[in-house]
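Here is the naming used below: chain letters follow the sequence lines, and residue numbers restart at 1 for every chain.
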Protein chains: 2
Amino acid sequence: MGVKERKERDKLEMRGRILESAHRLFLERGFDDISIRNIAEAIEYSPATIYLYFKDKNEIIHALHQDGFRLMNEHFQHLTAFPRPFERLIEMGKAYIRFATTHPQVYSLLFMRGEPIEHIIHWLQDEWLEGDRAFETLKQTVMLCKKDGYFPGYDPQALSMLIWSSIHGICALRISGHMNHVKPARDQNLSLDDVMLSTFDVFTQVLGNLKKQ
Amino acid sequence: MGVKERKERDKLEMRGRILESAHRLFLERGFDDISIRNIAEAIEYSPATIYLYFKDKNEIIHALHQDGFRLMNEHFQHLTAFPRPFERLIEMGKAYIRFATTHPQVYSLLFMRGEPIEHIIHWLQDEWLEGDRAFETLKQTVMLCKKDGYFPGYDPQALSMLIWSSIHGICALRISGHMNHVKPARDQNLSLDDVMLSTFDVFTQVLGNLKKQ
DNA sequence: TATTTTACTGAACACCGTTTATATTTTTGC
DNA sequence: GCAAAAATATAAACGGTGTTCAGTAAAATA
């Protein structure tokens with residue numbers, strides 16, 4: 001009898017519908033409007049029902065977190081087309097910034113909020129697989145750059161961390177609204193993205209200077 | 001008759017007591033435990049009374065925001081003792097990081113939350129004075145470095161923005177919990193601050209390389 | 001002293017995440 | 001086919017949030 005199987009399918013389908021609603025709420029109305037009650041209304045069930053399919057709200061947020069990572073990875077797919085490591089590294093940075101600017105809500109969910117990453121620490125054996133993979137890709141690229149004569153004497157691990165931190169800093173200050181409220185940016189009437197991109201330009205210059213001659 | 005004057009004093013005193021309670025709640029129990037009701041309980045008044053002294057919660061948060069900036073400025077007082085600009089720049093970075101690590105809650109209030117900066121945009125003529133002043137100090141230092149032969153060809157404005165972004169990125173990733181959950185940090189069992197400081201070290205190396213020979 | 005102004009609060013509104021007892025439906029075992 | 005058991009769904013409640021408003025008590029004014 002396939003009753004058990006069907007029930008399992010139903011359960012998965014319901015989980016799917018809950019996540020779908022959460023996802024839509026997130027994209028259409030922002031992080032703060034994802035509430036158990038909003039989700040419940042959207043799927044036309046009572047709030048309590050959600051708890052039959054998810055332990056708590058964190059579990060739902062975590063699912064969105066993973067969705068976000070999938071979306072981000074799509075922005076990196078094209079990078080294999082750049083054979084020269086340093087060029088690829090710069091394109092990685094551009095792709096990262098493009099992702100952050102086109103999906104600021106998703107970016108802040110992935111990298112600026114404490115909740116989701118704390119959930120990972122407590123419930124998933126402290127393993128942040130998506131983060132590990134992304135960082136590893138960055139580090140590999142940095143090591144290839146080293147083979148090309150870039151970054152002599154620099155530790156790939158630490159340099160990768162610096163690169164990530166720097167680009168994250170640019171994106172985070174932009175998304176939180178801090179970057180565009182220091183005076184020069186206001187005065188010159190620069191757009192958000194102008195400031196961000198010119199900051200990134202300086203960074204590429206700086207990195208480009210780190211090469212054996 | 002000094003009635004009016006006394007009443008004004010009383011009003012200010014009450015505002016002071018409210019802010020004091022908010023401040024203590026913030027430091028002792030964290031940002032999320034600053035609630036109008038908690039504050040009201042602490043000063044032994046009803047929640048509604050708070051609204052006779054502050055327009056809304058944002059106004060209280062903004063006051064804490066300014067307190068935070070004062071605290072941060074204290075961490076920068078000693079920098080005048082470093083006459084050589086580049087050295088001073090590095091010490092600025094160290095002071096910034098020291099502030100962020102010793103007062104993570106305050107740091108995230110100042111630079112990682114959208115609410116306070118949005119309040120500034122809406123209510124204070126879009127002028128973020130504290131931010132302007134701090135950034136200006138950084139830029140001045142960068143320009144002095146240029147006179148010493150550092151950063152040839154780099155725009156001080158853009159380079160300052162990069163420096164701020166990079167250090168902010170290091171602090172933000174640390175405080176949000178992301179930095180210490182990429183694999184290598186976990187494996188090597190490095191402390192939070194080890195990763196941060198080694199990342200900053202690389203940054204100082206990179207900056208130091210940008211000098212006319 | 002009577003009136004007006006000021007200071008304060010209880011109760012409510014509309015939310016939030018989460019739990020529990022209860023009711024309904026579905027499946028199982030006979 | 002029917003009763004027992006299991007699964008599913010929910011109403012209602014708990015304790016929390018920011019905020020508003022009508023009403024009360026106290027103080028200042030005339």
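Rounded to whole Å, the distance from NZ on B:Lys7 to P on C:dT5 is 12 Å. If you take CD1 of B:Ile18 and C1' of C:dA7, they are 12 Å apart, rounded to a whole angstrom. The CD1 atom of B:Ile50 sits 12 Å away from the C1' atom of D:dT19 (whole-angstrom rounding). Remark: P of D:dG15 and CD of B:Glu41 are 14 Å apart, rounded to the nearest angstrom. At whole-Å resolution of the value, OH in A:Tyr45 and C1' in C:dT25 are 12 Å apart.
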Could you go over nucleotides 16-20 of chain C and give all protein N or O partners under 3.5 Å, atom names and distances?
unit_1: C:dC16; atom_1: OP1; unit_2: A:Ser35; atom_2: OG; d: 2.7
unit_1: C:dC16; atom_1: OP1; unit_2: A:Asn38; atom_2: OD1; d: 3.3
unit_1: C:dC16; atom_1: N4; unit_2: A:Arg37; atom_2: NH2; d: 3.4
unit_1: C:dG17; atom_1: OP1; unit_2: A:Ile36; atom_2: N; d: 3.1
unit_1: C:dG17; atom_1: OP1; unit_2: A:Lys57; atom_2: NZ; d: 2.9
unit_1: C:dG17; atom_1: OP2; unit_2: A:Ile36; atom_2: N; d: 2.8
unit_1: C:dG17; atom_1: N7; unit_2: A:Arg37; atom_2: NH1; d: 2.2
unit_1: C:dG17; atom_1: O6; unit_2: A:Arg37; atom_2: NH1; d: 3.4
unit_1: C:dG17; atom_1: O6; unit_2: A:Arg37; atom_2: NH2; d: 3.0
unit_1: C:dT18; atom_1: OP2; unit_2: A:Tyr51; atom_2: OH; d: 2.7
unit_1: C:dT18; atom_1: OP2; unit_2: A:Lys57; atom_2: N; d: 3.0
unit_1: C:dT18; atom_1: O5'; unit_2: A:Tyr51; atom_2: OH; d: 3.1

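No side-chain heavy atom of B:Met161 sits under 4.5 Å from any side-chain heavy atom of A:Ile170. Contact check for B:Glu74 versus B:Leu71: side-chain heavy atoms found under the 4.5 Å cut-off.
In this pair, B:Phe99 and B:His103 present their aromatic rings tilted. The plane angle is within the 30 to 60° band.
Residues passing the ring-ring contact (aromatic ring centres under 6.0 Å, His included) test with B:Tyr107 are B:Tyr96, B:Phe111, B:His168, sequence neighbours excluded.
Heavy atoms only, all atoms of each residue included: B:Tyr51 and B:Asp56 are closest at CE2-CA, 4.1 Å.
Taking only side-chain nitrogens and oxygens, B:Thr49 never comes nearer than 4.0 Å to OP1 or OP2 of C:dC8. For the pair B:Tyr53 and C:dA7, the criterion of a side-chain N or O lying under 4.0 Å from OP1 or OP2 is not met.
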Pairs of donor and acceptor atoms involving the side chains of residues 61-68 of chain A, under 3.5 Å and at least two apart or interchain, shall be tabulated with distances.
unit_1: A:His65; atom_1: NE2; unit_2: A:Leu110; atom_2: O; d: 3.4
unit_1: A:Gln66; atom_1: NE2; unit_2: A:Glu130; atom_2: OE2; d: 3.3
unit_1: A:Asp67; atom_1: OD1; unit_2: A:Arg70; atom_2: NH2; d: 2.5
unit_1: A:Asp67; atom_1: OD2; unit_2: A:His23; atom_2: ND1; d: 3.4

